[in-house]
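It should be emphasised that the depicted structure is a prediction, and the values quoted were computed from it without experimental measurement. Order of the sequence lines fixes the chain letters, A, B, ..., with proteins taken first and strands second; residue numbering starts at 1 for each chain.
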Amino acid sequence: MEPVRPSNFLEEIVADDTAAGTYGGRVLTRFPPEPNGYPHIGHAMSICLNFGLAQQFGGQTNLRYDDTNPETEREEYARALEDAVRWLGFDPAAVLYTSDYFERLYDWAVQLVKDGKAYVDSQDGEAIRAQRGTVTEPGTNSPFRDRPVEESLRLLDEMRRGLHPDGAHVLRAKIDMAHPNMKMRDPLMYRIRRGVPHYRRGLEWAIYPLYDWAHGQSDAIEGITHSLCTLEFDVNRPLYDWYLDAIGIAAPRNRQYEFARLNLDYTVTSKRKLLMLVNEGYVSGWDDPRMPTVAGMRRRGIRPEALKAFVEAVGVSKVNGRVDLALFEHAIRNDLNGLAPRALAVTRPLKLTLTNYSPNQTEVRNAPYWPHDVTPPEGAPLTRPLPFSGTLWIEQDDFALDPPKGWKRLSVGAEVRLRHAYVIRVDEAVTNGAGEVVEVKATVLSGTEAGGPDEGRKVKGVVHWVDALTAVPARFRLYDRLFAAAAPEDAGRDAATDAEAKAAFLGTLNPYSLTETSGYVEASLAFAAPDARFQFERLGFFGQDPVDSREDALVYNRIVTLKDGWAKRDASAETPTQGASKPAAAKPSSTAVSAADLLDGDAKARFEALVAAGAGREDAAVLAQDVPLAELFGAAQTAGGDAKTLGTLVAQDVRRLRSETVGAVFVPANLAHVANLLASRTISPAGARDVLASLASGGANVDAIVAEHGLSLVSNDDALAPAIADTLAAHPDEVARYRAGETKLLGFLTGQAVRRAGKGADARRLGELLREALASST
RNA sequence: UGCCCUGUAGCUCAAUUGGCAGAGCGCCUGACUCUGGAUCAGGAGGUUUCUGGUUCGAAUCCAGCCAGGGCAGCCA
């Protein structure tokens, strides 16, 4: 059963472009990391998205390093990023570097200066910042804004050759210092950074392009079609397009689309914060299995398949949300469930002595690696020998002196099955001076083994164990979430000082994120491949730590626990379920404010006049705030159009079409004509919208459009009757449900009838007829 | 309080573009089981943020409100 692949807005865009042949069917995306840190789960998402989207449409993806900042970038990071891509199973069409485009970028910059679209500003950073204005105030022009082209050209050349110190000059695009989008207020294109060697270009360049000046141009150079980035860059998109226009890249060209970044519960991806954890020793390194880095996840034992399935399950949208960790864990378990053989291990050993089993006796039985409901991978071994003797290790957690209600494990007097072996009856718990249980004594019930006469004996539960005589010692690293807070990034956001913010952030660390224990694994594990993953029954999925585990000193990482209904019951007793504790949402009291109430003097007057002229109040309020639209309404009314209908048409449909269709021009007489056709019910409301859309995209003759699209309203009962009959015949179930009282189905049935009757059908009349038909012929 | 983005189940996303509001995860119940796992069956959970408008019919179109997020690095 194929899971239904959720479609998303990006797939839709690419599908549309492919269908329309925008790029000749070509799809080329890019993964554009800056090599200034190790890849993390956020990068993984971007990789999956960019490569996955291209793959889906038969396209390809470039790996391109956005390496325009010599101060932070390193070859080491670049290699790690490429490793991550390949580990995830993707093959870049090319591995490229923005730093290889520096010459090209520079030539374009010179062209922009020559065209009067860029200039060298010789102010310092402080002055530039002060002149930028604020989000609510426009900026002011730099005194160097109109400096002669030749001078800018000369300075730019000198900057490039390293004749000026850092910060002495910058190159800026000449756009608009009063632009409401601050990114458009003469953004910087180049900065001087001459003492710092770039990891690939050395000291060849004394100036470096900024992100906006490099990114879109790099996309253009490579012929990228769809350039995906995270949401915060949406304000950069106008600049992206402005630069492409300025250097003369014509459509069809690369376009930028934004998606929401992935925020995972109990996880941070901030480079700064991850670095802090590493540098200050809160984790063992970038590849600490608790880290959300690709290296960490990999070391933990998570497979790329799980990561990809997770990203797929999360989907893409433009809503900044927070993904439940349970979804991630589900993906990991789901991946491993059919792949990891089952084995027995005990992480916190407690001695179990079987008093009626001879101490010298050992039996070995063949135990299945796979549960009955898992189909083993092709060629996988099906069983392994499992030794059993009179002294075993069991899990401390599996014995309770004072068992709570519903306990299905060991307690004095209880009968429990030892997995793959016998049912035992617990006789006695031996405690030490501190009252701690140090040994459990039990009786083997013979005949309860597989194949025995009493094999089917009903017991309360099943418990895992390891034979003490043959057990292999092992260390277990039991990982839990690194943070105790769901949104650790937010901690300390409002702190007064950096130190407080840091303390607040560190305070969200989970002190129990790593528990290391000593225990045992079953004998067969001594020969397991180091990279093999197992499910230790009832404990979780485990794999050997690739760094610390040795043949004679095994170290197992817990990749993920099993789902645990018992632990959950425990936890939910303390904290009431989310749903139940949800406070009766204090809804903001939204006093109904009509648009009309917000109008000021002039607009208020226009509003009154429009209402007096016959427009509806809502429509009049819209028109009153939009003078050209109000004038259009007036002109159309003068041309003889019905005022009420015209008001709606202009305030709603014309308003929308005007912004959707560039260069749409509406002739008042045409609008009047459409309004009257609608008012006289010669065309339907939907028909009127069609006509307006045609007019917006160049149509001129209303009657011709109506005729051509068959929009003339058909209200004649005889003409509508066949559609009714067909609909009733085609949907007997819905008809029955409707007659049984599910009256909301009238909408559905009307829709079906409208579809059958054709575009010009009078939906209102059709609905009436349908209702009658449904009521009568019971 | 300028411009931009976004509000659909607890979470993440769908809804054939105006016609029966669904899925996965999570949660609950039951069946099965030598894993308190898995699997299977069922269930709860929605005023589609809210208020108006248009329409035979609105999650979808129009207006406004409210809420969340982004933008004032010579970072990306």
- Message: Going by the glycosidic torsion and a 90 degree boundary from 0, is the base of B:U17 oriented syn or anti?
- Response: syn
- Assess A:Arg365 against A:Tyr422: is NZ or CZ under 6.0 Å from the centre of the six-membered ring, and within 45 degrees of the ring's axis? yes
- Query: Is the base of B:G36 touched by the side chain of A:Asp398 through a donor-acceptor pair closer than 3.5 angstrom?
  - Reply: no
- Basic-acidic side-chain contact under 4.0 Å: A:Lys318, A:Asp234: no
- Spacing of the P atoms in B:C62 and B:C71 (rounded, Å): 28 Å
- Query: Applying salt bridge (Lys or Arg N to Asp or Glu O under 4.0 Å), which residue pairs with at least one partner in residues 319-337 of chain A are found, sequence neighbours left out?
  - Reply: A:Arg303-A:Asp335, A:Glu329-A:Arg333
- Rounded distance in Å - CZ (A:Phe607) to C1' (B:G52): 13 Å
- How close or far is atom P of B:U35 from atom CZ of A:Phe541, stated in whole angstroms? 14 Å
- Task: Applying side chain to side chain contact (heavy atoms under 4.5 Å, CB included) between A:Met45 and each of A:Val323, A:Val311, A:Thr230, report the one that passes.
- Result: A:Val311
- Message: In whole Å, I'd like the distance from the CZ atom of A:Phe542 to the C1' atom of B:U35.
- Response: 13 Å
- Just how far, in rounded Å, is P of B:U55 from CG of A:Leu649? 10 Å
- Measure the distance from CG on A:Asp619 to P on B:C61 and round it to the nearest whole Å. 17 Å
- Item | Pairwise P distance for B:U49 and B:C56, with rounding to whole Å | 25 Å
- Derivation and outcome, side-chain hydrogen bond (donor to acceptor under 3.5 Å, both in side chains), residues A:Gln752 and A:Glu734: CA-CA 11 Å; A:Gln752 294 300 316; A:Glu734 284 79 5; over 6 Å; no
- Query: For the side chain to side chain contact (heavy atoms under 4.5 Å, CB included) test, which of A:Glu537, A:Arg342, A:His464, A:Glu449 pairs with A:His420?
  - Reply: A:Glu537
- Query: Should the pair A:Phe233 and A:Tyr211 be assigned to parallel (<30°), tilted (30 to 60°) or perpendicular (>60°) ring geometry?
  - Reply: tilted
- Message: Taking any heavy-atom pair under 4.0 Å as a contact, classify A:His330: base, sugar-phosphate, or nothing.
- Response: sugar-phosphate
- Query: Between B:G19, B:G37, B:U1, which nucleotide gets closest to the side-chain atoms of A:Thr136?
  - Reply: B:U1
- Query: Can you name the residues that form a ring-ring contact (aromatic ring centres under 6.0 Å, His included) with A:Tyr65, not counting sequence neighbours?
  - Reply: A:Tyr97
- Query: Which glycosidic conformation, syn or anti, is assigned to B:G42 if syn requires a torsion within 90° of zero?
  - Reply: anti
- Query: Can a salt bridge be assigned to the pair A:Glu415 and A:Arg457 using a cut-off of 4.0 Å between side-chain N and carboxylate O?
  - Reply: yes
- Task: Could you check if a side-chain atom of A:Leu336 sits within less than 4.5 angstrom of a side-chain atom of A:Gln535, using non-hydrogen atoms only?
- Result: no
- Task: Using the criterion of both pairing distances under 3.5 Å for Watson-Crick and G-U wobble pairs, give all stems of 3 or more consecutive pairs involving RNA chain B.
- Result: B:2-7 with B:66-71, B:10-13 with B:22-25, B:27-31 with B:39-43, B:50-53 with B:61-64
- Query: If you pin A:Val323 and A:Gly451 to their nearest nucleotides in RNA chain B, which one's is more 5'?
  - Reply: A:Val323
- Among all residues two or more places apart in sequence or in another chain, which pass the ring-ring contact (aromatic ring centres under 6.0 Å, His included) test with A:His164? A:His169
- Message: For a quick check under 3.5 Å, do A:His215 and A:Arg30 share a side-chain donor-acceptor pair by atom type?
- Response: yes
- Query: Looking only at atom C1', what distance separates B:C75 and B:U12, rounded to whole Å?
  - Reply: 31 Å
- Item | B:C13 phosphate, OP1 or OP2, under 4.0 Å from A:Lys318 side-chain N/O | no
- Message: Taking donor-acceptor contacts at under 3.5 Å, does the side chain of A:Arg342 reach the base of B:U35?
- Response: yes
- Hey, which of these two, A:Arg237 or A:Val316, hits RNA chain B nearer its 5' end, going by closest nucleotide? A:Arg237
- Note on the structure: Of A:Asp66, A:Leu81, A:Asp67, the one forming a side chain to side chain contact (heavy atoms under 4.5 Å, CB included) with A:Pro33 is A:Leu81
- Interatomic distance where CG belongs to A:Leu49 and P belongs to B:C13 [whole Å]: 12 Å
- Using whole Å, report how far NZ of A:Lys744 lies from P of B:G46. 15 Å
- On a whole-Å scale, what distance lies between the P atoms belonging to B:G57 and B:A41? 40 Å
- Query: What is the distance from CG of A:Leu646 to P of B:G53, rounded to the nearest Å?
  - Reply: 21 Å
- If the P atom of B:G46 is compared with that of B:C40, how far apart are they to the nearest Å? 26 Å
Under-3.5 Å N/O pairs linking protein and nucleotides 56-58 of chain B:
from: B:C56; atom 1: OP1; to: A:Arg764; atom 2: NE; distance (Å): 3.1
from: B:C56; atom 1: OP1; to: A:Arg764; atom 2: NH2; distance (Å): 3.2

- Task: Would you mind building the protein contact string for nucleotides 69-76 of chain B? One character per nucleotide, 5' to 3', B for base within reach (heavy atoms under 4.0 Å), S for sugar-phosphate only, - for untouched.
- Result: SBBBSBSB
